[in-house]
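To start, the structure itself, in structure tokens.
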There are 2 protein chains.
Amino acid sequence: MPSTSRAQNRADQTRAIQETGRRHLAEVGPAALSLRAIAREVGMVSSAVYRYFPSRDDLLTALIVEAYDELGDAVEAADATVADPTDLAVRFRAIAHAIHGWARANPHEYALLYGSPVPGYAAPDTTVPSAARVTGAFLRLAEASERAGLALGAPTSPVAGGEHDALAGVRAALDPPVTDERTVRWLMAWSTVFGHISLELFGHMYRGILDYDAHFAHVTDQLAADLGLARHVG
Amino acid sequence: MPSTSRAQNRADQTRAIQETGRRHLAEVGPAALSLRAIAREVGMVSSAVYRYFPSRDDLLTALIVEAYDELGDAVEAADATVADPTDLAVRFRAIAHAIHGWARANPHEYALLYGSPVPGYAAPDTTVPSAARVTGAFLRLAEASERAGLALGAPTSPVAGGEHDALAGVRAALDPPVTDERTVRWLMAWSTVFGHISLELFGHMYRGILDYDAHFAHVTDQLAADLGLARHVG
DNA sequence: CCCAAAACAAGAGCACTGCTCTCGCAATGT
DNA sequence: ACATTGCGAGAGCAGTGCTCTTGTTTTGGG
């Protein structure tokens with residue numbers, strides 16, 4: 001009759017390793033993540049860690065899924081707390097600011113998800129469902145704006161045949177179907193949001209933009225207007 | 001009377017190391033760049049490399065500057081070959097496609113410049129001038145569009161006081177001055193272009209967008225129209 | 001022309017990494 | 001009660017960035 005059962009102990013140890021890994025990740029970044037250092041802190045010898053995570057990459061995968069889910073939680077929570085769900089502009093801003101806020105608070109995790117891929121590491125399909133939650137939030141808003149019949153706020157050129165085919169992948173994920181022009185605008189908004197955050201976090205706006213939050217807020221407002229979610233002011 | 005003088009030999013060796021490093025960088029990425037492996041290939045013992053580059057980070061800096069300059073060359077060359085320099089839409093597309101093409105051809109180098117910062121490495125000021133060439137191409141186009149008095153193609157909300165202050169850094173780099181609204185639109189275009197490339201290269205568009213080039217072309221056309229460089233079609 | 005000074009290549013060595021293998025011990029379930 | 005399995009510890013391999021010493025070669029001034 002051990003104080004902790006074998007299964008319980010395994011769960012505890014796995015969690016301890018992952019938590020310590022998460023802390024190290026936030027401190028030194030993904031490339032410098034050391035299995036030995038984690039083992040030391042958990043109080044194990046390095047080889048024992050391999051009983052729980054077959055390789056460093058498997059630990060990395062677990063951390064990636066954890067980060068995607070945390071960001072997904074933040075995004076979905078922000079979306080859910082909007083008082084009037086029919087106000088798509090507010091929901092869009094809430095989502096964008098949730099991503100921005102989480103990225104600022106967890107820069108290394110953001111870099112792990114949306115920065116350079118770790119060399120020699122290919123994210124397995126396990127990560128896809130968690131990763132899809134964030135993009136899913138955008139897609140659902142796009143569907144809602146289509147359903148509401150909102151007109152795009154910025155003039156948008158018609159989509160030609162080749163580009164129509166290129167969008168087949170996203171189109172399959174949209175129900176009800178969204179017009180190509182609206183799809184393109186939403187993809188652009190997606191690129192703008194993540195591009196902005198990446199440029200900001202990776203230091204390319206340093207000394208150019210003095211107040212990141214003020215500027216990001218303006219950009220999201222502008223995007224919401226371009227998408228037809230809100231009227232352009234002025 | 002040596003066949004190669006000491007100074008000549010030093011220059012040759014430095015170049016050989018940097019070239020080999022560049023090749024390794026393209027193969028394994030920045031984080032996995034090994035000084036020892038480079039030394040082996042050049043035919044030196046690892047400690048000898050330190051006579052030419054005091055540390056791995058210094059070699060990395062040299063490679064970063066080289067990459068920024070190569071991208072800068074590509075961008076400026078693309079801009080210069082536009083037949084009619086007053087056609088800002090064509091120039092914008094040329095620049096955007098030059099960046100996109102270079103990034104596709106040199107994904108690891110792009111990741112080094114615009115992906116996650118290498119942990120523990122801080123880019124010295126040496127890299128700034130080379131890095132500024134790319135953003136400078138955007139800024140110069142923004143100035144030209146202001147000078148030409150082009151109206152923005154997409155409705156743009158007026159910039160409030162806080163946001164005006166936030167833009168002080170970019171404003172200082174613009175001569176002649178550009179209106180805040182135009183500046184914001186150009187910053188958004190900048191974010192969209194790099195965001196798009198990063199999302200594409202780092203695998204986030206996989207299976208969503210089937211033809212990257214077709215889609216990117218449409219996006220840049222759209223951006224050019226939003227910026228007022230070209231008429232919206234349709 | 002000669003010789004001190006500087007530059008250099010090579011090697012050993014330190015502390016670290018991911019990962020494998022073997023060894024014993026302890027919990028498990030039949 | 002015992003064979004099976006899970007697990008921690010340790011040694012070891014091949015690799016890393018970087019430092020220090022040792023001996024050699026090139027250089028430039030007296």
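Owing to the predicted nature of the structure, the values given are computational and were not obtained by experimental measurement. A, B, ... follow the sequence lines: proteins, then strands. Residue 1 opens every chain.
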Review point. Which nucleotides of nucleotides 15-24 of chain C have their base under 4.0 Å from a protein heavy atom (B), which only their sugar-phosphate (S), and which neither (-), written as one string 5' to 3'?
Key: --BBBBB---
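For the residue pair A/T192/B/S191, the side-chain donor-acceptor check at 3.5 Å is not satisfied. A/S55 and A/Y50 share no side-chain donor-acceptor pair at under 3.5 Å. Counted by atom type alone, B/D58 and B/T61 present zero donor-acceptor pairs between their side chains at under 3.5 Å.
Rounded to whole Å, the distance from CD1 on B/I38 to P on D/dG15 is 16 Å. If you take CG of B/D58 and P of D/dT19, they are 11 Å apart, rounded to a whole angstrom. Put simply, CZ on A/R10 is 12 Å from C1' on D/dT5, counting in whole angstrom units. In this structure, A/N9 places its CG atom 9 Å from C1' of D/dC7, rounding to the nearest Å. Protein atom CD of B/Q8 is 15 Å distant from nucleotide atom C1' of D/dT26, rounded to whole Å.
Counting non-hydrogen atoms under 4.0 angstrom, A/Y52 reaches the backbone sugars and phosphates but no base.
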Side-chain donor-acceptor pairs of residues 125-132 of chain A under 3.5 Å, sequence neighbours excluded:
| unit_1 | atom_1 | unit_2 | atom_2 | d |
| --- | --- | --- | --- | --- |
| A/T127 | OG1 | A/P124 | O | 2.9 |
| A/S130 | OG | A/D69 | OD1 | 3.1 |
| A/S130 | OG | A/D69 | OD2 | 3.2 |

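Between B/H97 and B/F216, the gap from one ring centroid to the other is short of 6.0 Å.
Applying the 4.0 Å criterion to OP1 and OP2 of D/dG8, one finds that A/Q13 has a side-chain N or O inside that range.
Partners of A/E76 under the side chain to side chain donor-acceptor pair (under 3.5 Å) rule, at least two apart in sequence or in another chain, are A/R133.
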